[in-house]
Visitor: 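One structure, pasted below without further comment.
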Amino acid sequence: MKSPHAPLPKLLYPLLLAALVALPSAASADTLLSVELPRLNVAEYHRPYLAAWVMEQQTGEVTNLAVWYQLDEEGKEWLKDLRQWWRRSGRKLDMPVDAFTGATKPPGVYDIELDGQLAGLPDGQYTLHVEASREVGGRELLKIDFAWPAAEPLNLSAEGEEELGTVTLSLAP
């Protein structure tokens with residue numbers, strides 16, 4: 001009879017290592033931001049610019065999650081209309097930033113995986129900000145407070161009134 005403490009065959013080491021590496025990403029795949037851009041019945045519709053970021057409540061440290069805008073020189077001019085984001089972070093950045101910028105989106109619901117962006121945050125109290133602004137339209141800012149890391153699975157949400165629909169932050173421990 002083999003001892004339960006016998007060494008593992010060397011062929012199993014690569015499989016065990018691959019399983020250990022895959023485990024954290026599979027466990028945190030549920031950390032997600034869902035943003036709804038409502039369809040508006042207006043004469044002249046322009047896709048909204050959008051910025052999503054988290055701010056540590058004690059230090060004011062900002063981590064950008066997403067910035068959607070018209071990806072050309074003219075589009076950069078209008079980033080200032082995302083006023084809160086511009087003051088906190090945008091004016092210090094050289095746009096575009098590969099990690100989180102993208103093109104504006106039409107009406108719909110969009111999911112943004114946050115595994116990489118939130119994984120490096122220190123423990124603390126944070127506020128998620130989602131701001132949208134539209135040319136010939138309005139501006140709206142939604143906020144959701146949360147603790148990081150999450151102790152249990154959480155779904156936190158806020159409802160917009162015009163430029164934003166439902167914004168949901170899903171956190172996994």
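Predicted model only: the values in this text are computed from it and were never measured.
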Visitor: For Q70, enumerate each residue passing the side chain to side chain donor-acceptor pair (under 3.5 Å) test, keeping only those at least two apart in sequence or located in another chain.
Guide: D72

Visitor: Excluding sequence neighbours, so at least two apart, what forms side-chain contact (heavy atoms from CB on, under 4.5 Å) with D94?
Guide: none

Visitor: Does K143, at its NZ atom, have more than 12 non-hydrogen atoms belonging to other residues, nucleotides or ligands within less than 6.0 Å?
Guide: no

Visitor: Could you note down all residue pairs passing salt bridge (Lys or Arg N to Asp or Glu O under 4.0 Å) where residues 58-71 supplies at least one of them, sequence neighbours left out?
Guide: none

Visitor: Which side-chain N or O atoms in residues 75-85 pair as donor and acceptor under 3.5 Å with protein atoms at least two apart or in another chain?
Guide:
residue : atom : partner : partner atom : Å
K76     : NZ   : E73     : OE2          : 3.1
K76     : NZ   : M95     : O            : 3.0
W85     : NE1  : N64     : OD1          : 2.8

Visitor: For F100 and W53, what are the C-alpha separation, side-chain angles and deciding distance, and is it a side chain to side chain contact (heavy atoms under 4.5 Å, CB included)?
Guide: CA-CA 10 Å; F100 57 83; W53 72 98; over 6 Å; no

Visitor: Is a side-chain donor or acceptor of E140 paired with a backbone partner of E162 at a separation under 3.5 angstrom?
Guide: yes

Visitor: So which residues get pulled into V42's cluster when ILVMFWY side chains under 4.5 Å apart are joined, directly or through others?
Guide: L40, Y45

Visitor: Mind listing the side-chain donor-acceptor pairs of residues 163-172 below 3.5 Å, one per line with the distance, residues two or more places apart or on another chain?
Guide:
residue : atom : partner : partner atom : Å
E163    : OE1  : R134    : NE           : 2.7
E163    : OE2  : R134    : NH2          : 3.2
E163    : OE2  : G138    : N            : 3.0
T166    : OG1  : E159    : OE1          : 3.2
T166    : OG1  : E159    : OE2          : 2.5
S170    : OG   : N155    : OD1          : 2.5

Visitor: My understanding is that only residues two or more places apart in sequence, or in another chain, count here; which of them pass side-chain contact (heavy atoms from CB on, under 4.5 Å) with E152?
Guide: L154

Visitor: Only counting residues at least two apart or in another chain, list the ones meeting salt bridge (Lys or Arg N to Asp or Glu O under 4.0 Å) with R139.
Guide: E131

Visitor: Which residue pairs pass the salt bridge (Lys or Arg N to Asp or Glu O under 4.0 Å) test when at least one of the two sits in residues 32-58, sequence neighbours left out?
Guide: none

Visitor: Report the residues that fulfil side-chain contact (heavy atoms from CB on, under 4.5 Å) with A103, sequence neighbours left out, ordered by chain and then residue number.
Guide: L71

Visitor: Which residues satisfy the side chain to side chain donor-acceptor pair (under 3.5 Å) test with D111, sequence neighbours excluded?
Guide: S34

Visitor: Not counting sequence neighbours, which residues clear ring pair (Phe, Tyr, Trp, His ring centres under 6.0 Å) with F146? List them please.
Guide: Y126

